[in-house]
Amino acid sequence: MFGLLLLFCAILFLYKFWYLKTKIPSNFPPGPYGWPLIGYYPVVKDSNLSNGLMELQRTYGPVFSVNLGPSERYVIIGDHDILEEAFKGYSLTPRPSLIQWFNEYIRYGDGHEHSRGLIFSKGEEWQEQRRFTLRNLRDFGFGKSGMESLIKMEVEELLEVMETEVGTDVPFNVNFYASVINALWTILNGDRVGLNDPTLQEVIRYVNDMVSQDMNSLINVFPAARHISKEWSGFNESLKPAYKFLAYIKNTISEHKKTHDPNSEARDFIDVVLNKIHESQDNPKSSFHGELGLQNLEAGVLDLFIAGIETTSTALVWSFLILVTYPEIQERLYREIQETVGSDRLPTMDDKPKMPFTEAVMQEILRFSCIAPLGIFREADRDMKVGDYYLPKGTVVFSHLYAIVNDPKVFPNPEKFDPTRFLDEKGQFKRNDKNIVFSTGKRDCLGKTLAIAELFLFLTGLIQTYQFLPSSEGSLPSLECVYGFTRHPQKFSLQFKKRTKSSAY
Ligand code: HEM
């Protein structure tokens, strides 16, 4: 009898929990009811994520809500104009409390609201860190000339490495990692190392392990499981690579501190931040003050790596998969490179405006691959309106970038890879401001200038020298994507052969 009563109470508790979590407040965006505890999660997880959310969008409209697991209902915005309006001000800039838990361990956060660095910080601390990083990275690499010469060195070395692989089947999943990491590491740390340097290889392993985690693992879906067992829940395993990489960053910063002189010219980005920390020693309000400043430097470097490596490398991997799938587009690209640059020097950023087809191909690659289909989640810091709906303070919002760049009203036949959608009738490049794969508003991608430069210089430099072909098996790799940290292609191999001046057809 007592057992039955207990069971009844447990069911009542679960029902109440489910009801409260899934109840839709008045004038809140509509959406389906999920199951107790697991919500609508099984329907939209994994490869089904974009399709599942697109399906819901067709039923409920471009702004809808859904509960994905044992959490509140999230709001999904899948319309360009509504998202732009919502992200215009500051009210949707914070990151949700529910994804702050791990920052207690790796970003000096409190596990709920606050965190150091660039991706998860909030309020004035985030604004000060972001503004400073953007301005100063411009001087140490994100600015046109510094960045360009760094990437050029990476392209040259990658071309040399590729020389040894001509005519063989080359697995093309992580090829760009080393080059992209090296470019970023040089900007931050000053030193460039060879692509086979053991330390670089170690950094590659850390970054690769950090970003290739299973987003559907127990710890990522039910973070509270870490309180039961850190080992069994997967917590220890999931944080291990970040701890290793952080130790490496800490070591690099302390080496810098030993030789840093605030009165001499900064050698790299880490020096610039150390200078700022030095200048801020009498300003306790600054996020660069004392220990807080050092914590922000460490977490900021971690964030630039997490946000900048996998995304850019994946965009490059998609680029070559697409160009092998559409050889006629690869050849037209090659012809434009020949006509604009020739083959005696590598393409530079000054060539880009003279290469409308290449610009169109890059925009279409970014749209078609939509590497970060849901952006990074946000949270409303006050009650607000989004479109015709009301969102109470604390609502978690996903920007459904994938739906926006696949909107058939803006991009007809969105499932088709078609660079000509970015060309006018005279063949000139036609920008489409709705291709917002870097998100929009005050908290859009901080590294988009670097990403675009890397994409342009690697793509054109490699196509200028090599023709990319399917692997010896002859079959073309699939354009179906896999979900992980980013939306990326399945593993595949391809071949390349050296171009001769007359190899265009
Ligand atoms: C093709 C490459 C890339 C894509 C598609 C991409 C996309 C994005 C997106 C969608 C966001 C989320 C913005 C939001 O919250 O709405 C983001 C944030 C961010 N990205 Fe990128 N990104 C790329 C490359 C890079 C690179 C190269 C870096 C720097 C090295 C970088 C650094 C960041 C940072 C720091 C944030 C967080 C900004 C903040 O919270 O203020 N990204 N990126």
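Remember, it's 1-based here, ligands and their atoms both numbered in the order they're listed. Values reported hereafter were calculated over all heavy atoms of this structure, with side chains retained and with hydrogens, waters and symmetry mates removed.
Within the listing of ligand 1, atoms 38 (C), 39 (C), 41 (O) sit less than 4.0 angstrom from a heavy atom of Arg130. Shown in contact with Leu304 at under 4.0 Å from a heavy atom are these atoms of ligand 1, numbered in order with element: 30 (C). Here is the list of ligand 1 atoms found below 4.0 Å of a heavy atom in Ala372: 10 (C). The atoms of ligand 1 that sit less than 4.0 Å from any heavy atom of Val437 are 5 (C), 7 (C), 10 (C). Within the listing of ligand 1, atoms 10 (C) sit less than 4.0 angstrom from a heavy atom of Leu401. Residue-ligand proximity, Ala451 to ligand 1, at heavy-atom distances under 4.0 Å covers atoms 2 (C), 24 (C).
When Gln100, Lys122, Arg95 are each tested for a side-chain hydrogen bond (donor to acceptor under 3.5 Å, both in side chains) with Glu113, only one passes: Lys122. Each of Glu128, Glu124, Gln295 was compared with Ser287 under the side-chain hydrogen bond (donor to acceptor under 3.5 Å, both in side chains) criterion, and only Glu128 meets it. Screening Lys352, Glu336, Gln363 for a side-chain hydrogen bond (donor to acceptor under 3.5 Å, both in side chains) involving Thr358 leaves a single residue, Glu336.
When all heavy atoms of Lys416 and Arg367 are compared, the pair lying nearest together is O-NH2, 3.3 Å.
At a heavy-atom distance under 4.0 Å, no atom of Glu454 approaches ligand 1. Residue contacts with ligand 1, taken as heavy atom pairs separated by less than 4.0 Å, involve Arg378 solely via side-chain atoms from C-beta onward. By the criterion of a heavy-atom distance under 4.0 Å, both the backbone and the side chain of Arg443 are placed next to ligand 1. Using a 4.0 Å cut-off between heavy atoms, Thr314 makes no contact with ligand 1 at all.
The shortest heavy-atom distance from Phe120 to ligand 1 is not under 4.0 Å. The closest approach between any non-hydrogen atom of Asp303 and ligand 1 is not below 4.0 Å.
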Ser121/Gln129 under side-chain hydrogen bond (donor to acceptor under 3.5 Å, both in side chains): CA gap, chis, key distance, verdict: CA-CA 9 Å; Ser121 51; Gln129 290 294 321; over 6 Å; no

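Salt bridge annotation for Asp271-Lys257: absent, with no cationic side-chain nitrogen under 4.0 angstrom from a carboxylate oxygen.
When only interatomic distances are considered, the shortest N/O to N/O separation between Lys448 and ligand 1 does not fall below 3.5 Å. Any N or O atom pair closer than 3.5 Å counts here, and Leu118 shares at least one such pair with ligand 1. Considering backbone and side-chain atoms alike, Ser439 places an N or O below 3.5 Å from some N or O of ligand 1.
Arg116 forms no cation-pi arrangement with Tyr108, by the criterion of a distance under 6.0 Å to the ring centre and an angle within 45° of the ring axis. The cationic atom of Lys276 (NZ for Lys, CZ for Arg) lies less than 6.0 Å from the six-membered ring centre of Phe288 and within 45° of the ring axis.
Between atom 2 (C) of ligand 1 and the options Thr311, Leu184, Leu134, the minimum heavy-atom separation is to Thr311.
Put simply, the side chain of Ile452 reaches to within 4.5 Å of the side chain of Met362, judged on heavy atoms.
Here the side chain of Thr252 pairs a donor or acceptor atom with the backbone of Tyr248 at under 3.5 angstrom.
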